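If you're wondering where the values come from, they're calculated on a predicted model, not measured in any experiment.
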Amino acid sequence: MSIAVDVFQQGGILAYPTEAVFGLGCDPDNTLAIENLLAIKKRPKNKGLILLAAHYSQLLPYVDDSKLTKVQRQQVLGRWPNGVTQLLPKNKHTTPLLTGEFDCIAVRLTDQPDVVSLCKQTNKPIVSTSANLSGEPPAKTWQNLSPALINHIDYIIKGQTLGYTQPSKIIDALTGRVIRS
């Protein structure tokens with residue numbers, strides 16, 4: 001895991017297992033790394049990205065937690081880890097590269113052990129987007145990563161997904177509305 005931590009801290013792109021598929025990610029505070037990730041995936045900047053974290057506290061620099069009521073915060077925390085992505089109000093300093101054209105940011109606490117370890121060692125969340133070119137099916141294992149991506153990935157964490165069969169559910173945390181089930 002020390003190589004993955006070094007790559008993350010140096011602005012590299014990682015491929016890693018999530019709950020259902022392999023993800024691509026980088027340091028959410030490294031603008032050049034995020035731009036590189038978007039270019040590799042051929043993903044439009046206006047779509048936004050997800051942050052995966054080991055603890056809610058790692059998301060606080062990117063989220064405007066003050067816009068949540070105590071009940072909403074309890075509901076948000078109660079839905080995790082369980083492969084649920086939630087849309088939370090973004091912090092005014094959060095880069096549009098992470099949020100796209102939206103006033104919220106997509107975040108998820110995970111219990112995938114490799115991601116948890118990386119996030120704990122860097123004390124940061126990791127940017128997450130599926131490991132595929134936009135419009136292509138995502139890789140479910142590191143062996144299925146597209147050759148078009150492999151040449152641009154700085155390190156592959158060769159772990160296993162948690163075996164979920166569907167992408168994460170997406171919920172608007174303020175309203176409870178399910179965006180993707």
- Task: Check the pair K41 / S130 against side chain to side chain contact (heavy atoms under 4.5 Å, CB included), numbers first and verdict last.
- Result: CA-CA 9 Å; K41 253 190 85 84; S130 56; 3.3 Å; yes
Taking a hydrophobic cluster as the set of Ile, Leu, Val, Met, Phe, Trp and Tyr residues connected by side-chain heavy atoms closer than 4.5 Å, whether directly or through intermediates, do [X] and [Y] fall within one such cluster?
{"X": "I3", "Y": "L118", "result": "yes"}
{"X": "I153", "Y": "V5", "result": "no"}
{"X": "V107", "Y": "L49", "result": "yes"}
{"X": "V178", "Y": "L174", "result": "yes"}
{"X": "I126", "Y": "L87", "result": "no"}

- Yes or no on side chain to side chain donor-acceptor pair (under 3.5 Å) for S117 and Q121, after CA distance, side-chain angles and deciding distance? CA-CA 6 Å; S117 177; Q121 289 181 59; 2.8 Å; yes
Measure the [atom1]-[atom2] distance between [X] and [Y] for me, rounded to the nearest 0.5 Å.
{"X": "Q160", "Y": "K140", "atom1": "CD", "atom2": "NZ", "answer": "14.0 Å"}
{"X": "I171", "Y": "R108", "atom1": "CD1", "atom2": "CZ", "answer": "12.0 Å"}
{"X": "L77", "Y": "L68", "atom1": "CG", "atom2": "CG", "answer": "9.0 Å"}
{"X": "R43", "Y": "L133", "atom1": "CZ", "atom2": "CG", "answer": "12.5 Å"}
{"X": "L149", "Y": "K42", "atom1": "CG", "atom2": "NZ", "answer": "8.5 Å"}
{"X": "N36", "Y": "N30", "atom1": "CG", "atom2": "CG", "answer": "9.5 Å"}

Contact check, side chains of [X] and [Y], non-hydrogen atoms, under 4.5 Å:
{"X": "C26", "Y": "I34", "answer": "yes"}
{"X": "N91", "Y": "V63", "answer": "no"}
{"X": "P61", "Y": "H93", "answer": "no"}
{"X": "Y62", "Y": "K90", "answer": "no"}
{"X": "L162", "Y": "Q112", "answer": "yes"}
{"X": "S146", "Y": "N132", "answer": "no"}
{"X": "T129", "Y": "I50", "answer": "no"}
{"X": "N123", "Y": "Q58", "answer": "yes"}

For [X] and [Y], which heavy atoms make the closest approach, and how far apart are they?
{"X": "L38", "Y": "P44", "result": "CD2-O, 4.5 Å"}
{"X": "A131", "Y": "L24", "result": "CA-CG, 3.7 Å"}
{"X": "T161", "Y": "E19", "result": "CB-O, 3.6 Å"}
{"X": "T110", "Y": "V116", "result": "O-CG2, 3.2 Å"}
{"X": "S168", "Y": "T85", "result": "OG-OG1, 2.7 Å"}
{"X": "L51", "Y": "P28", "result": "CD2-CB, 3.7 Å"}

Validation: residues 6-17 side-chain donor-acceptor distances under 3.5 Å, sequence neighbours left out:
{"residue": "Y16", "atom": "OH", "partner": "V127", "partner atom": "O", "Å": "2.8"}
{"residue": "Y16", "atom": "OH", "partner": "S128", "partner atom": "OG", "Å": "3.0"}

- Message: Evaluate N144 against T141 for side chain to side chain donor-acceptor pair (under 3.5 Å), listing each step before the verdict.
- Response: CA-CA 5 Å; N144 296 124; T141 67; 2.5 Å; yes
- Item | Heavy atoms from other residues, nucleotides or ligands near CG of D103 exceed 12 (cutoff 6.0 Å) |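 No, CG of D103 has 12 or fewer neighbouring heavy atoms, counting only those of other groups under 6.0 Å.
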- Does T69 reach the main-chain N or O of Q72 with its side chain, forming a donor-acceptor pair under 3.5 Å?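 Confirmed, T69 side chain pairs with Q72 backbone.
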- Mind checking side-chain contact (heavy atoms from CB on, under 4.5 Å) for I150 and listing every partner two or more places apart, or none if nothing turns up?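 I150 satisfies side-chain contact (heavy atoms from CB on, under 4.5 Å) with L145 only.
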- Can you pull the salt bridge (charged side-chain N to carboxylate O under 4.0 Å, His left out) pairs that have at least one residue in residues 7-16, sequence neighbours excluded?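 For residues 7-16, and leaving out neighbouring residues, there are no salt bridge (charged side-chain N to carboxylate O under 4.0 Å, His left out) pairs at all.
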- Please lay out, stage by stage, how L37 and L97 fare under the test side chain to side chain contact (heavy atoms under 4.5 Å, CB included). CA-CA 10 Å; L37 177 66; L97 290 172; over 6 Å; no
- So N82 and Y164, side chain to side chain donor-acceptor pair (under 3.5 Å) or not? Walk me through it. CA-CA 10 Å; N82 299 330; Y164 287 42; 4.7 Å; no
